[in-house]
Amino acid sequence: MSNKFDLGFFPTPLQELKRLSKKYPDYTIFIKRDDQTGLASGGNKTRKLEYLIKQALNENCDTVITAGAQQSNHCRQTAAACAIAGLNCHLLLGGEKPDIYDGNLLLSSILGADIHFTGNNRKGEDLETLQNTLEHKGNKCFVIPYGGSNFTGAMGFVNAAKELKQQCNEQNLKIDYIFFASSSGGMQAGLTLGKEIYQLPAKLIPISIDKDETNGLSLENVVLNIIKEGSKKLKIKNNIQLADIYLNRDYDKDGYGVVTTNETEAINALATNEGILLDPVYTGRAFYGMLDFLKKKRIPTNANVLFWHTGGLPAIFKYANELR
Ligand SMILES: *Cc1c(COP(=O)(O)O)cnc(C)c1O
């Protein structure tokens, strides 16, 4: 029996960015289109939710609760997944209730989620309180942590490593570096585990998006904890330490959700050369980081470089002023 509940369109395309590669002649740039995973306009959370929703159903839960920022892609995709699976969905979103719902917040609402606004808390600090309230009313709750980042969610990216390995084999391609936006850690942990299991030779370059800690833990620590649990459960022998977790922190200084000329430059570069849209919070920042690496030749020349597009498009409409 499968341990996942189908929610998306896989495998996602693996494409060469031909025009952009010409502008960086020392490298060949590829893109993995997880912005095309389906599930209410795509994104990397589809992969995690296939495993998380399956677990919720296995445990006979009737309600899913999770948390994030108002423009959380994870929350929007969780709302869609719950609609498909016939589960109630409660979202705890940071900030105060706005007059107008837009971007992901609007979509989460359309998708039928019950939305609770949690002020300064945007990383699931109030999940347990809400769980207690709902269980008191007789619901059976499945709690998905911030970003869907626990071992179950990370399994989506263990599997994604296998998907990429297969595509590389089929296209007779060796990817040397994989750049992606890392924020709640599940994708990074899953790819790290999957790389080992499926012998993907590429080096991961996760670009940190959010400099803030999550419930008192740095992102490096969150990633380490998921990898340790995963290593045990998947029977991978390693003695991974905090110092082994690589995370690039060069581009997160302006803070989460703040759009600077970095993000707009990256969004324009991919849009005008390739007709592909990035988002302002995650992929815009990570793509800028990758282009900066290539410009400065921070990785060896002649490398095949992959950008893992993780989605996030709906948030672009929240940043209309910055992006015009
Ligand atoms: C959640 C998200 C990420 C980061 O993935 P994590 O597993 O949370 O680190 C990257 N890009 C987008 C668009 C996301 O929504």
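First listed ligand is number 1; within each ligand, the first listed atom is number 1.
Of the charged side-chain nitrogens involved, at least one lies within less than 4.0 Å of a carboxylate oxygen, so that R298 and D250 count as a salt-bridged pair.
Under a 4.5 Å side-chain heavy-atom cut-off, the cluster of Ile, Leu, Val, Met, Phe, Trp and Tyr residues that includes Y146 has no other member.
Residues satisfying the side chain to side chain contact (heavy atoms under 4.5 Å, CB included) test with N268, not counting sequence neighbours, are none.
Note on ring orientation: taking the six-membered ring where Trp is involved, the planes of Y251 and F293 are tilted (angle from 30° to 60°).
Residue pairs meeting the salt bridge (charged side-chain N to carboxylate O under 4.0 Å, His left out) criterion with at least one member in residues 169-193, sequence neighbours excluded, are K174-D176.
Annotation: ligand 1 has protein neighbours N44, K45, K48, N73, S149, A181, S182, S183, S184, G185, G186, M187, Y282, T310, G311, G312, each with a heavy atom less than 4.0 angstrom from the ligand.
Figure legend: K203 and Y246 shown as a cation-pi pair, the cationic atom lying under 6.0 angstrom from the six-membered ring centre and within 45 degrees of its axis.
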